[in-house]
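Both counts, for ligands and for their atoms, begin at 1 and track the order of listing.
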Amino acid sequence: MGHNHQVIVSKFGGSSMKDASAIERSANIANLRGSSIVVVSATYGTTNQLIELAKKAKNKTWAECESLIKEIVDKHRAIAKDLKVSEQTYQHIEELLEELETLARGINFLKDAPLKAMDRMQSLGERLSSPLMAEALSKKQSTKVENFDVRLVMRTNDDFGRGIPDIKEIKNLCQSHLLAAKIGDCVYVTQGFVGSTVDGETTTLGRGGSDYSAALLAEGLGADLLEIWTDVAGIATTDPRICPQALPIGEITFQEAAELAIFGAKILHPTTLSPVQRMAIPVFVGSSYEPDAPGTWIRSQSEHQPLVRAMALRKDQALLTLTTPKMLNNYGFLAKIFTLFEKHKVSIDAITTSEISVAVTVEGETLNNEELFNELDEVCSVQTERDLSLVSLIGNNINHTPGLAQQIFTGLDDDNEKINVRMICLGASRHNFCLVVKDDQAPEAIRRLHNTFIERSL
Ligand code: ADP
Ligand code: ASP
Ligand code: MG
C-alpha cells in the first residue's frame, strides 16, 4: 500500500448486522470504501436479549432462562451457517456461546447480577458479531482481515456499566496494536461498546456506545475519516419516527451534532463527537441499506448556518426544584447542591434559578437515588416532577436572535391542544434552546416546532 493510503474507521450498528444478508451488505460497503478498521455492534436486538437473560437468571428459575438462551444461540449459529464460516470461526462462536451459558448459570446460582457480570454478559453481543463480520469481509477482499479483541486497546476505568475511557492510554495502545491497519497491511474487524480495565476486566461504554468506540479508535489511530453506518440515510432535521416530515441534513458542524446527540437524537451516542472533534476528523453518517444516498457530513465548519438546523427530544426527565429561604444573599448554596450532584455522578442538563430557588432537569431514574435525596434534604427543600421531556432546537446564533422565544411560543400554540411549557433555557448556548414539556405532549411539540422552523422556511 502506498503512502497516500486513507485511514478509515467504519462502524456498523445493530440493524446493519441483523442477519447474514445485512452483514454481507455491510461487508460490501467496508470493502468498497477501503475501511481500515471495522467496528461492529451486536446483531440486532441481541444486547437487549442479553440484559433480559441476566435479569431472568437473577430472578427466575434456570428452566425459564433456557428458551432465551436457545434463541440467542440459534440466531448466531444460523448466521454462521448462512455465511459459511470456517471451522475455526465456528469453534470460536461455540466457545463464546458456552461462556454465555456459564455466565447465566453463575448469575442464576448466586441470584445476583452485579454490574461487572452485566458488562461481561453484554460484551458477548459484540464478541459474537465481530468474527461473523470478519469472515464476511475476508471473503470479499485480498487484504488480510483479522478479528481483533478491542479489549487490548479500549482501556477504561472500572465504572462497570459506563466505563470512562482513558484517552491517552487508548492512543498509545492503538499505536502499538493497530499499526498494520494504518499502513494498509491488514483490516481489523473489532467490537464496539466493549472495553477493559487495566486489570483485564471487561467493561462497556454504556448503551449505544459503539459509536463512541469507533470515534475513540479513529482518534487513537489519527484516522482520516469516521463513517457511521446505520438504518437511516444520515442525520435528519428531527427523528423521522416522531415527525415523518423530517428532512435529511447534508452537512452539520461538530458542535451542532454534539448538541443534537446530547439532547436525545439516538442516531449518535452523546459522547461520540468529542474524540473526532479534538482531531478534526470528518464524520460521515449513512445508511447501510442505501449506501449511495448522500448521507450527512459532520465537519468543523459548515458554509450554511441556519438559525434552526434540527430538533431533538429526550424523554423520561425529572425536574427538581430546590428551594432554600436562606438563598437570599446567601452565597455557597449552588456550590453545595452541585457538590452533591457531583458526588452521586448525576448530570444536570437544563437549569434555571431565581433568588431563592433553582430548578434542574435530570434523568428520570435519578428519582430512585435515595441517598442523593436524603443529602439534598439536609440543605434545601426539594420538589420533584416526573414524566417530562426536554425538547431542544439546535442551530446557530440562537442566543443572539431577537424574537426567537416569541416565534417558539407562537409555533407551539394551538387552541385545540395547549402545550404547557414547564421551563425554558435560553442564553447559555449559541447552538441550543431547550424547553421542558410533559412526555405525552413532547412529540406534538416537536411536530409543531418542525413545522414552524423547518417546513415553513423551505
Ligand atoms: P444503530 O443500531 O445503527 O446504532 P440507532 O437505532 O442507534 O442505530 O440510531 C438510528 C436511529 O436514530 C434511526 O433509526 C432514527 O429513528 C433515530 N434518530 C433519532 N433522531 C434522529 C435524527 N435527527 N436523524 C436521524 N435519525 C434519528
Ligand atoms: N450493542 C450495544 C447496544 O445495543 C452498543 C451499540 O450498539 O452501540 O447498546
Ligand atoms: Mg446506536
TODO: Please check if atom NZ in Lys315 has more than 12 non-hydrogen atoms from other residues, nucleotides or ligands closer than 6.0 Å.
DONE: no
- [ ] With heavy atoms of Gly234 as the reference, note each atom of ligand 1 found under 4.0 Å away.
- [x] 25 (C)
- [ ] Indicate, as side chain, backbone, both or neither, the part of Pro240 found under 4.0 angstrom from ligand 1 when only non-hydrogen atoms are considered.
- [x] side chain
TODO: Please lay out, stage by stage, how Glu95 and Arg127 fare under the test side-chain contact (heavy atoms from CB on, under 4.5 Å).
DONE: CA-CA 11 Å; Glu95 281 164 27; Arg127 288 161 63 211; over 6 Å; no
TODO: Would you check whether Val232 has a nitrogen or oxygen atom less than 3.5 angstrom from a nitrogen or oxygen atom of ligand 1?
DONE: no
Task: Trp229 and Phe12 aromatic ring geometry - parallel, tilted or perpendicular at 30°/60° bounds - done: parallel
Open item on the list: How far is atom 1 (P) of ligand 1 from the closest protein heavy atom, and which atom is that?
Closed with: Thr230 OG1, 3.6 Å
Open item on the list: Checking contacts here: is it the side chain or the backbone of Lys11 that comes within 4.0 Å of ligand 1, counting heavy atoms only? Could be both or neither.
Closed with: side chain
TODO: Answer yes or no: are there more than 12 heavy-atom neighbours, outside Lys140 itself, under 6.0 Å from its atom NZ?
DONE: yes
Task: Atom OH of Tyr44 with >12 non-hydrogen neighbours under 6.0 angstrom - done: no
Task: Protein residue, atom and distance nearest to atom 2 (O) of ligand 1, heavy-atom basis - done: Gly14 N, 3.2 Å
Open item on the list: Please determine whether the number of non-hydrogen atoms from other residues, nucleotides or ligands lying under 6.0 Å from atom CD of Glu455 exceeds 12.
Closed with: yes
Between ligand 2 and the protein, tabulate every N or O atom pair separated by less than 3.5 Å, reporting distance only.
{"residue": "ligand 2", "atom": "1 (N)", "partner": "Thr47", "partner atom": "OG1", "Å": "2.7"}
{"residue": "ligand 2", "atom": "1 (N)", "partner": "Glu126", "partner atom": "OE2", "Å": "2.7"}
{"residue": "ligand 2", "atom": "4 (O)", "partner": "Thr47", "partner atom": "OG1", "Å": "3.3"}
{"residue": "ligand 2", "atom": "4 (O)", "partner": "Arg207", "partner atom": "NH2", "Å": "3.0"}
{"residue": "ligand 2", "atom": "7 (O)", "partner": "Ser41", "partner atom": "OG", "Å": "2.9"}
{"residue": "ligand 2", "atom": "8 (O)", "partner": "Gly208", "partner atom": "O", "Å": "3.3"}
{"residue": "ligand 2", "atom": "8 (O)", "partner": "Gly209", "partner atom": "N", "Å": "3.4"}
{"residue": "ligand 2", "atom": "8 (O)", "partner": "Ser210", "partner atom": "N", "Å": "3.0"}
{"residue": "ligand 2", "atom": "8 (O)", "partner": "Ser210", "partner atom": "OG", "Å": "3.2"}
{"residue": "ligand 2", "atom": "9 (O)", "partner": "Arg207", "partner atom": "NE", "Å": "2.6"}
{"residue": "ligand 2", "atom": "9 (O)", "partner": "Arg207", "partner atom": "NH2", "Å": "3.4"}
{"residue": "ligand 2", "atom": "9 (O)", "partner": "Gly208", "partner atom": "N", "Å": "2.8"}

TODO: Write out the residue and atom name of the closest protein heavy atom to atom 7 (O) of ligand 1, then the distance separating them to 0.1 Å.
DONE: Lys266 CE, 3.5 Å
Open item on the list: Once you restrict to heavy atoms under 4.0 Å, what part of Thr237 touches ligand 1? Side chain, backbone, both or neither.
Closed with: neither
Task: ligand 1 versus Arg241: contacting region, heavy-atom distance under 4.0 Å - done: side chain
Open item on the list: Tell me if the NZ atom of Lys418 is crowded by more than 12 foreign heavy atoms within 6.0 Å.
Closed with: yes
Task: Sole candidate of Arg151, Arg155, Lys116 that passes salt bridge (charged side-chain N to carboxylate O under 4.0 Å, His left out) when paired with Glu201 - done: Lys116
Open item on the list: How about CZ on Arg386, more than 12 heavy atoms from neighbouring residues, nucleotides or ligands closer than 6.0 Å, or not?
Closed with: no
TODO: Give the residue and atom name of whichever protein heavy atom lies nearest to atom 24 (N) of ligand 1, and the separation in Å to one decimal.
DONE: Ala236 N, 2.8 Å
Task: Closest to atom 21 (C) of ligand 1 among Asp239, Leu260, Asp211, Leu313 (heavy-atom distance) - done: Asp239
- [ ] Could you check Ile252 against Ser302 for side-chain contact (heavy atoms from CB on, under 4.5 Å), going step by step and ending with a plain yes or no?
- [x] CA-CA 6 Å; Ile252 185 170; Ser302 156; over 6 Å; no
Open item on the list: So for Ala312, does at least one of its heavy atoms come nearer than 4.0 angstrom to any atom of ligand 1?
Closed with: no
TODO: Could you go through the side-chain contact (heavy atoms from CB on, under 4.5 Å) check for Leu388 and Thr361 one step at a time?
DONE: CA-CA 9 Å; Leu388 297 170; Thr361 65; over 6 Å; no
Task: Atoms in ligand 1 with a heavy atom of Ile235 nearer than 4.0 Å - done: 24 (N)
Task: Other residues, nucleotides, ligands: >12 heavy atoms within 6.0 Å of Lys345 NZ - done: no
Open item on the list: Taking CD in Glu417 as the centre, count heavy atoms belonging to other residues, nucleotides or ligands within less than 6.0 Å. Is the count above 12?
Closed with: yes
Task: Protein contact of atom 11 (C) of ligand 1 - nearest heavy atom, named by residue and atom, plus distance - done: Asp231 OD1, 4.0 Å
Task: Ala265: numbered ligand 1 atoms lying under 4.0 Å from its heavy atoms - done: 20 (N)
